[in-house]
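This report refers to the structure that appears directly beneath it.
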2 protein chains.
Amino acid sequence: MLLREGDICRGYTFVVSGCFRMYAVDEKGKEHNISFAAENEWIADIGSFYSEKPSTLNIKALESSSVIQIEQKDLYHLYENITKLNRVFKVMVENKYVELQRHLVQNFSSTAQTRYLSFLEQYPKIKDRLSNAQIASYLGITPEFLSKVRKDIMLEETGKA
Amino acid sequence: MLLREGDICRGYTFVVSGCFRMYAVDEKGKEHNISFAAENEWIADIGSFYSEKPSTLNIKALESSSVIQIEQKDLYHLYENITKLNRVFKVMVENKYVELQRHLVQNFSSTAQTRYLSFLEQYPKIKDRLSNAQIASYLGITPEFLSKVRKDIMLEETGKA
DNA sequence: TACGACCCTTAAACTATCTTAAGAAATCAG
DNA sequence: CTGATTTCTTAAGATAGTTTAAGGGTCGTA
C-alpha cells in the first residue's frame with residue numbers, strides 16, 4: 001500500500017518491477033480504478049502531491065513489486081538543478097491530465113465493449129496480468145459483464161471470419 | 001467560440017459576464033460537457049495550454065458574454081514578477097484536476113439522480129441558466145431522461161412530505 | 001490424489017437508461 | 001395577438017448493464 005485515502009501524497013513512485021493501481025472508494029464502499037502503472041512507469045496522486053492536501057485516492061500493489069520513491073523535497077531540489085527534469089515531470093503531468101479527460105469522455109460516450117477494446121490497446125503490457133475484477137473496475141462495469149463483453153467480441157470475430 | 005478542437009489553447013479566459021461550456025465531441029459527433037464557467041471564473045483547456053499541443057476540446061459561449069483573456073506570454077511574464085499570482089494559478093490547476101477526478105469517479109459510481117443532485121449543489125449559480133440539454137450533456141444522460149429524473153425527485157419529495 | 005479456495009463464465013431476471021414519437025409549454029418574429 | 005420555432009415533458013418499447021445464483025477451471029496444499 002503506497003498511499004491511503006486521507007494521507008497526503010508526499011512522493012512520486014517509479015515502478016521498477018510489479019504493478020500498481022490507483023483507485024477511489026465511493027460512498028457504498030465500492031472501489032473504482034482510475035489508472036495503473038507497471039514497469040518503468042510513474043504513479044502518484046498528482047492533485048494531492050502538488051497541493052499538499054489529503055488525497056481522496058489509494059495506491060496499492062497488485063503484485064509483489066519493487067519501486068523507487070522520490071520525495072517532494074528531493075524532487076524540488078532536483079528541479080532547481082536539472083532543468084530538463086523539470087520539463088520531464090511537467091510533460092508527465094500534462095499527459096496524465098489529458099488521459100484523465102479522455103477517460104472521462106470515453107466513459108460516457110462509448111459502450112463497454114468499445115471501452116474494453118481501447119483498454120486493450122492502451123495497456124498491452126498489463127492486460128494479461130490484471131484480474132477480471134481489476135479491469136472491470138477500470139472500465140466501470142461488473143466482472144460478470146466483462147465476461148459477456150469478451151464472449152460477444154469472440155462471437156463477432158468468429159462470426160465474421 | 002473561444003477554442004476549437006485542433007487549435008492550441010493560447011490563453012486563460014476570465015469570464016466577466018455570461019457563461020461558457022467546455023466540451024468534447026465523440027466519434028459519433030455527440031457533444032459531452034466537461035465543465036462550465038460563469039461570472040468571475042476562469043476557463044481554459046489546461047492540458048493544451050501548458051503542453052502547447054492541439055486541444056481535443058472546445059470552449060463556447062452559452063450566452064452573450066464578455067471576457068478578459070490573458071495570453072501565455074503575458075501570464076508567464078506576470079508569473080515572474082508576481083509570485084503570489086503563480087500560486088493562485090497553481091492552486092486553480094490543482095483544483096481542476098481534483099474536480100476532474102471526482103467527476104470521473106462519480107460518473108461510474110452513482111446513479112443519474114444522485115449525480116443530478118450533486119450537480120445542483122456544485123453549480124447553484126448556473127443551474128437555472130443552463131438548458132436541459134446542457135445539463136444532461138454534463139451528466140452523461142439524455143435530456144429526456146433528465147426530465148424523468150426531475151419528475152422522480154419531485155414525486156419522492158411530495159411523497160415523503 | 002483429492003480437497004478447498006479462488007476466479008472466471010453462464011444464464012435468468014431485474015433495473016437504469018436510451019430511442020422514438022408525440023403533445024405541452026415557452027420563446028420569438030411579424 | 002398569432003403562428004412558427006424551439007425546448008420540455010411524457011410515455012412506450014428497446015438495449016446496456018446489474019444482480020444473483022450456479023457450475024466449471026485452476027492452483028496450492030494436505
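Every chain is numbered from 1 and lettered A, B, ... according to where its sequence line falls, protein lines coming before strand lines. Both backbone and side-chain heavy atoms feed into the values below; hydrogens, waters and symmetry mates do not.
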Options dT10(D), dT9(D), dA11(C), nucleotide nearest the side-chain atoms of K151(A)
dA11(C)
For the residue pair F108(B) and F108(A), is the inter-centroid distance of their aromatic rings smaller than 6.0 Å?
no
Base, sugar-phosphate, or nothing: which does K30(A) touch, judged by heavy atoms less than 4.0 Å apart?
sugar-phosphate
Partners meeting ring-ring contact (aromatic ring centres under 6.0 Å, His included) with Y138(A) (sequence neighbours left out)
F36(A), H103(A), F119(A), Y123(A)
In whole Å, what is the span from the NZ atom of K148(A) to the C1' atom of dT19(D)?
15 Å
Ordered by number, residues from residues 107-114 of chain A within less than 4.0 Å of DNA chain D (heavy atoms) are T111(A), A112(A)
Under 3.5 Å, sequence neighbours excluded: what are the donor-acceptor pairs made by side chains of residues 63-70 of chain B?
from   : atom 1 : to      : atom 2 : distance (Å)
E63(B) : OE1    : R129(B) : NH2    : 3.1
E63(B) : OE2    : R129(B) : NE     : 2.9
E63(B) : OE2    : R129(B) : NH2    : 3.3
S65(B) : OG     : C19(B)  : N      : 3.2
S65(B) : OG     : E63(B)  : O      : 2.8
S66(B) : OG     : S17(B)  : OG     : 3.2

Residues from residues 120-147 of chain A lying under 4.0 Å of DNA chain D - heavy atoms
G140(A), I141(A), T142(A), E144(A), F145(A)
Just by distance, no angles: are the side chains of R4(A) and N58(A) close enough, under 3.5 Å, to form a donor-acceptor pair?
no
Quick one: list whatever passes side chain to side chain contact (heavy atoms under 4.5 Å, CB included) with A112(A), sequence neighbours left out.
R115(A), I141(A), F145(A), V149(A)
Axis bend over the full length of the helix from dT9(C)-dA22(D) to dG30(C)-dC1(D), computed from five pairs that close each end, to 10 degrees
40°
Whole angstroms only, please: what is the OH-C1' distance between Y116(B) and dT9(D)?
13 Å
Just to verify, what does Y50(A) make a ring-ring contact (aromatic ring centres under 6.0 Å, His included) with, not counting sequence neighbours?
none
For S131(B), what residues pass the side chain to side chain contact (heavy atoms under 4.5 Å, CB included) criterion, not counting sequence neighbours?
A133(B), Q134(B)
Return each pair, listed once, that meets salt bridge (charged side-chain N to carboxylate O under 4.0 Å, His left out) where at least one residue sits in residues 101-114 of chain A; pairs must be two or more places apart or across chains.
none
When you measure from the side-chain N and O atoms of R115(A) to the phosphate of dA16(D), is any distance below 4.0 Å, counting only OP1 and OP2?
no
Rounded distance (Å) that lies between atom P of dT17(C) and atom CG of D152(B)
10 Å
Taking side chain to side chain contact (heavy atoms under 4.5 Å, CB included) as the test, write out the residues that go with T114(A), two or more places apart.
S110(A), T111(A)
Suppose we screen for side chain to side chain contact (heavy atoms under 4.5 Å, CB included). Which residues come up paired with Q72(B), at least two apart in sequence or across chains?
R10(B), F49(B), E52(B), Y76(B)
Considering residues at least two apart in sequence or located in another chain, which fulfil the side-chain hydrogen bond (donor to acceptor under 3.5 Å, both in side chains) criterion with D26(B)?
H32(B)
